[in-house]
Amino acid sequence: MLDIRCVFMGTPQIAATVLSSMLEAGIKIDLVVSQPDKKVGRKQKIVYSPVKQVAVDHEIECFQPVRIKEEHQRILDLKPDLIVTCAYGQIIPEDLLNAPRFGCVNLHGSILPKYRGGAPIQRAIWNGDKESGMSLMKMAKRMDAGPVLAIEKVKIESQDNSTSVFEKMGLAASKLILDNFELICSDQAHYVEQDEDKVVFAPVITKQEEKIDFSKDDIEILNQIRALSFTPGAYGLIKNKKLKLLEATYQKEPVKQPLEILGLRDNHFVISLHEGVLLVSKLQMEGKPVMQAKDFFNGQGRNMVGQIIE
């Protein structure tokens, strides 16, 4: 593989998949940049990002600035030939974008210019799209606005949720960077400017959007659940307590009372909608662990039958 100084920037599992693929292909990574470690749980245990864990496993230095805009001299001092980013989580400052001789390329989870922004995969599922993809682009000052080198398309099946689509996107992103790495580093890559008239934005999911809007039609409700599954999880309210619906399918059938908890059917927790029912296989009550539908019903779920979800 080419002898260049390469920096990889990313944080979640999708980026860890890409980094692992690059390393397995023999690409030398001189520095990994990831978000700072987090403290989780009541014991405030320090947890590495998936990307940092890959770096540690391969004995690669991992740089974790709190604010990359103010703390990026370590990267500049390396004088990288190429920076590859995937779901890093912070805006890259302009002087860093311009530093590498082969530029700074980003792997973005949509078919650009559709779905620029922080939640392209979730928005595609929420909108009922049947196809998305990963775009390999040169980074520019404006977010996700740079010219595109290549796209790897990904099908969104009816049974997919954001977790499964993220897995598909990780594989698509890995293929893209491996197929195009030598072309990028030959300085012969041909990037195509995006059509600004076709731009669609995909803002980060807000806390308010995690609550299911049961006034929507049935398929929109199902798509919201799929888009937010398994993290952060879409929820309804039962007696003012959050009930996350983490895995569900839909069946059209006559409905007597919309939004009623109907009980257990074939190991699914059943909730009526407007023209059919949700068959929920995995759910989580506020303050409780994630449970399979049968286990949930045999506990507190049995007492919810006949109640209305809001």
Side-chain angles (χ1 to χ4, degrees), residues 10-22 24-25 50 84-87 105-137 144 146-181 183 191-192 194-195 198-205 209 212 216-234 245-252 268 273 276 278-282:
T11 300
Q13 183 56 50
I14 186 172
T17 298
V18 176
L19 176 58
S20 295
S21 296
M22 293 176 71
E24 289 168 8
V84 178
T85 74
C86 179
V105 297
N106 180 47
L107 292 152
H108 178 76
S110 77
I111 300 174
L112 290 170
K114 191 175 184 181
Y115 299 137
R116 291 181 185 175
I121 295 172
Q122 295 94 328
R123 298 292 178 186
I125 298 169
W126 199 327
N127 290 339
D129 292 3
K130 305 300 182 186
E131 183 181 71
S132 186
M134 184 65 63
S135 295
L136 176 58
M137 55 176 287
D144 303 327
V148 176
L149 174 60
I151 292 171
E152 185 74 18
K153 292 184 178 180
V154 169
K155 286 186 178 180
I156 302 177
E157 308 287 356
S158 60
Q159 69 271 20
D160 275 325
N161 59 21
S162 64
T163 299
S164 62
V165 176
F166 265 100
E167 290 174 359
K168 292 180 181 182
M169 289 289 202
L171 297 176
S174 298
K175 184 177 187 304
L176 266 182
I177 193 64
L178 295 183
D179 286 351
N180 292 280
F181 188 79
L183 178 63
Y191 296 88
V192 178
Q194 296 182 41
D195 186 343
K198 296 181 179 179
V199 171
V200 176
F201 289 100
V204 172
I205 304 295
E209 288 179 300
I212 298 169
K216 299 291 187 180
D217 68 43
D218 293 5
I219 299 304
E220 287 182 272
I221 292 169
L222 177 65
N223 287 344
Q224 182 179 1
I225 293 167
R226 293 169 59 221
L228 303 186
S229 178
F230 296 109
T231 302
L245 309 180
L246 298 176
E247 192 171 75
T249 56
Y250 174 75
Q251 183 171 303
K252 192 165 185 175
H268 291 88
L273 295 181
L278 273 178
L279 303 170
V280 186
S281 54
K282 193 172 291 185

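Computed over heavy atoms, backbone and side chain alike; hydrogens, waters and symmetry mates excluded. FYI, the numbering just counts along the sequence from 1.
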Worksheet item: How long is the gap from NZ on Lys130 to OG on Ser158, to the nearest 0.5 Å?
Response: 7.0 Å
Fill in: Least distance between heavy atoms, Val148 atom then Ser135 atom
CG1-CB, 4.5 Å
Response to the item:
Interatomic distance, CD1@Ile121 vs CZ@Phe166, rounded to 0.5 Å, equals 4.0 Å
Fill in: CE-CD distance between Met137 and Gln194, expressed to the nearest 0.5 angstrom
6.0 Å
Item to complete: Apply the test side-chain hydrogen bond (donor to acceptor under 3.5 Å, both in side chains) to residues Ser281 and Glu247: give CA-CA distance (whole Å), side-chain angles for both, the deciding distance (0.1 Å), then the verdict.
Response: CA-CA 6 Å; Ser281 54; Glu247 192 171 75; 2.9 Å; yes
Practice prompt. In sequence, state the C-alpha distance, the side-chain angles, and the governing distance for Arg123 and Glu209, and then conclude on salt bridge (charged side-chain N to carboxylate O under 4.0 Å, His left out).
Written response: CA-CA 11 Å; Arg123 298 292 178 186; Glu209 288 179 300; 2.9 Å; yes
Worksheet entry | For Pro120 against Ser110, the heavy-atom pair lying closest together | CB-CB, 3.8 Å
Fill in: Pairwise side-chain contact, Trp126 with Leu228, heavy-atom cut-off 4.5 Å (strictly under)
yes
Worksheet item: Any side-chain heavy atom of Ile225 sitting closer than 4.5 Å to one from Leu278?
Response: yes
Discussion item. Any heavy-atom pair between the side chains of Asn161 and Ile125 that's under 4.5 Å?
Written reply: no
Item to complete: Check step by step if side-chain contact (heavy atoms from CB on, under 4.5 Å) holds for Ile177 and Ser21.
Response: CA-CA 9 Å; Ile177 193 64; Ser21 296; over 6 Å; no
Worksheet item: Which heavy-atom pair separates Lys282 from Val280 by the least distance, and what is that distance?
Response: O-CG1, 3.5 Å
Item to complete: Show your reasoning for whether side-chain contact (heavy atoms from CB on, under 4.5 Å) applies to Ile212 and Ile221.
Response: CA-CA 7 Å; Ile212 298 169; Ile221 292 169; 3.8 Å; yes
Item to complete: Could you check Lys216 against Asn223 for side-chain contact (heavy atoms from CB on, under 4.5 Å), going step by step and ending with a plain yes or no?
Response: CA-CA 11 Å; Lys216 299 291 187 180; Asn223 287 344; over 6 Å; no
Worksheet, complete the sentence: Taking every heavy atom of Pro12 against every heavy atom of Ala87, the minimum-distance pair comes out as CD-O, 3.0 Å
Please table the atom pairs, donor to acceptor, closer than 3.5 Å between any side-chain atom in residues 149-156 and protein atoms at least two apart or in another chain.
none

Worksheet item: Side-chain contact, heavy-atom cut-off 4.5 Å: Val165 with Met169?
Response: yes
Worksheet, complete the sentence: Heavy-atom nearest pair, Leu178 first then Ala25, reads CD2-CB, 3.7 Å
Discussion item. I'd like to check Gln251 versus His268 (side-chain heavy atoms, cut-off strictly below 4.5 Å). Are they in contact?
Written reply: no
Discussion item. I need the minimum non-hydrogen distance between Ile219 and Tyr250, along with the two atoms involved.
Written reply: CD1-CD2, 3.8 Å
Worksheet item: If you measure from CD on Glu24 to CG on Leu19, what distance do you get to the nearest 0.5 Å?
Response: 9.5 Å
Item to complete: Rounded to the nearest 0.5 Å, what's the gap from CD on Gln224 to CD on Gln122? Could you check?
Response: 12.5 Å
Discussion item. Could you check whether any side-chain heavy atom of Met134 comes within less than 4.5 Å of a side-chain heavy atom of Val18, counting everything from C-beta outward?
Written reply: no
